[in-house]
There are 2 protein chains.
Amino acid sequence: MNITALQRPVSLVEGVCQQLAELIRGTTSLEERWLPAERSLAEQLGVSRTVVREATKRLEQQGMLEIQHGTGIKVVNKLHRPLCDSLSLLIPDVGARLQQLNETRLSIEPDAAAFAAERATKEHIRTLRGVHEQLESSPDNAAAIEADIAMHHAIADASGNLIYRLLLDSLAEIGLASRLRTIGRIGKQTAIEHHAQILEAIERGSAAAAREAMRTHILAAGEDMDLASLKAI
Amino acid sequence: MNITALQRPVSLVEGVCQQLAELIRGTTSLEERWLPAERSLAEQLGVSRTVVREATKRLEQQGMLEIQHGTGIKVVNKLHRPLCDSLSLLIPDVGARLQQLNETRLSIEPDAAAFAAERATKEHIRTLRGVHEQLESSPDNAAAIEADIAMHHAIADASGNLIYRLLLDSLAEIGLASRLRTIGRIGKQTAIEHHAQILEAIERGSAAAAREAMRTHILAAGEDMDLASLKAI
DNA sequence: GCAAGGTAGGAGGTCTTACCACCTTCAACC
DNA sequence: GGTTGAAGGTGGTAAGACCTCCTACCTTGC
């Protein structure tokens with residue numbers, strides 16, 4: 001294998017990145033796969049292990065790989081990770097982060113829900129129903145939060161806009177740690193009702209209703225967090 | 001210098017990253033600064049050059065550094081870069097990217113403008129006026145686009161929400177290449193008028209007017225792009 | 001037969017040294 | 001004075017050694 005055929009790789013590392021990315025993209029990504037060992041990759045690609053390491057590190061930061069010490073290099077799909085890192089760097093203070101996070105969600109998610117109402121396929125609807133059932137039957141808070149996040153993810157997915165999905169995945173992961181401490185019994189029941197209304201609006205294809213239901217939901221979640229942070233004082 | 005005093009750096013690279021980040025943050029970032037050479041850093045931090053390289057590469061990807069072959073390592077503030085990379089990876093097709101980009105901007109920017117109207121300080125207003133004057137007196141399209149982007153950046157800044165600013169910086173950079181081909185004379189004149197209305201609403205402190213003006217502006221910009229992409233066929 | 005423990009191999013993590021490619025500077029030359 | 005090219009410093013790549021960590025298998029004991 002040789003990299004000279006590729007288009008203007010400014011450096012060897014870049015070339016190897018391109019090859020690996022192509023290798024990853026070109027495979028069925030349904031099951032998590034493992035890459036060959038660093039030394040093996042270096043030999044196959046005709047470069048040193050140094051270059052392979054820098055390339056895999058880079059792809060790991062981009063959320064395409066996960067490097068595990070002593071085990072190997074796993075192919076994953078977590079493209080939202082870089083944004084999470086950026087946000088953590090940008091706003092070190094957790095409180096400020098949550099407040100700004102909620103404002104941003106309020107900008108994005110109602111629109112995402114509206115687009116979902118307009119564009120969702122039958123497959124999307126089925127997924128949404130499944131996730132909502134999971135939310136209803138979740139045994140504990142941890143499971144409820146997981147289902148909650150999955151629901152928002154599915155809505156962003158149904159919106160047909162990949163940017164929404166990327167942003168919401170990131171915002172969800174950033175907000176996760178705090179949610180673990182805020183959702184209580186009442187919060188969960190409210191969340192189920194809210195999500196039911198959103199789901200119903202999307203099924204009906206009503207963009208306006210979906211937007212409004214999502215708006216209500218996020219505003220409520222925001223108040224929930226405010227209470228929790230007050231209680232923490 | 002020793003890293004053992006730091007809180008649980010899982011690996012040497014991570015420790016060096018933390019140290020470098022602190023080193024960068026702790027300096028006046030007004031002027032672009034240069035880091036010591038890799039070899040020098042390695043000696044100062046008591047680690048090998050390999051570790052320093054991996055750490056600096058990582059911080060470069062996060063948009064905190066820029067490594068220049070043969071010259072040195074520059075401290076920069078481009079935290080939005082990772083999101084740009086993610087978006088490029090996520091949506092390789094430029095056309096689809098622009099469409100989804102516009103939808104996302106339409107979700108975020110009107111709200112950002114509204115918050116700016118509510119929260120902008122005198123300093124923010126002054127900056128906005130300055131940028132708008134730059135836009136009006138821009139000699140060519142390139143300068144106009146630069147001022148255009150600066151205007152949106154300043155509005156996001158005035159919104160007081162760092163996430164807005166991060167997102168908009170990224171979206172602006174992604175959309176830049178296309179804008180270079182779309183803005184014409186008429187587009188520029190329209191843009192100046194739109195921005196004047198937005199600015200006026202923010203100065204007045206009217207969130208509703210700022211939101212609506214921004215919405216109008218982005219919708220117009222979107223149509224501009226549609227026309228341009230049609231013409232390209 | 002099964003389970004707990006140990007061990008060997010292979011994976012990534014780090015270090016060292018050497019050399020290559022690139023940029024800047026400055027002095028010698030035209 | 002302007003041009004050119006050599007020198008020195010910078011990051012880029014290579015190769016090989018050794019360490020830490022994880023996994024899987026095998027041994028040992030019940």
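This structure is a prediction, so every number in the text was calculated from the model and none was measured. Per chain, numbering begins at 1; letters A, B, ... match sequence-line order. Computed from heavy atoms alone, side chains included, the values below leave out hydrogens, waters and symmetry copies.
The aromatic rings of H217(A) and H194(A) sit perpendicular to each other, their planes meeting at more than 60°, with 30° as the lower class boundary.
Ion pairing of E54(A) with K57(A) is absent here, as no side-chain N (NZ or NE/NH1/NH2) approaches a carboxylate O to less than 4.0 Å.
Closest approach to the K57(A) side chain among dG13(C), dA14(D), dG11(D) is made by dG13(C) (side chain taken as heavy atoms from C-beta onward). Of all nucleotides listed (dT13(D), dT14(C), dG12(C)), dT14(C) comes nearest to the side chain of E54(B). Closest contact between the side chain of R49(A) and the listed nucleotides dT13(D), dA14(D), dG12(C) involves dG12(C). With dG12(C), dG11(D), dA14(D) as the choices, the nucleotide that has an atom nearest any side-chain atom of R53(A) turns out to be dG12(C). Of the candidates dT14(C), dG12(D), dA14(D), the closest approach to any side-chain atom of V47(A) belongs to dA14(D).
Contacts between residues 61-73 of chain A and DNA chain D, defined by a heavy-atom separation under 4.0 Å, are made by H69(A), G70(A), T71(A).
H80(B) is linked by a ring-ring contact (aromatic ring centres under 6.0 Å, His included) to nothing, counting only residues two or more places apart in sequence or in another chain.
Inter-residue side-chain proximity for E173(B) and R81(B) is flagged as met; some heavy-atom pair is nearer than 4.5 Å.
Not a single donor-acceptor contact under 3.5 angstrom links the side-chain atoms of R39(B) to the base of dG9(D).
Axis angle across the helix from dG1(C)-dC30(D) to dC30(C)-dG1(D), with five pairs used at each end and values rounded to 10°: 10°.
Mapped onto DNA chain D by nearest heavy atom, A37(B) and S48(A) fall at different nucleotides, with A37(B) at the one closer to the 5' end.
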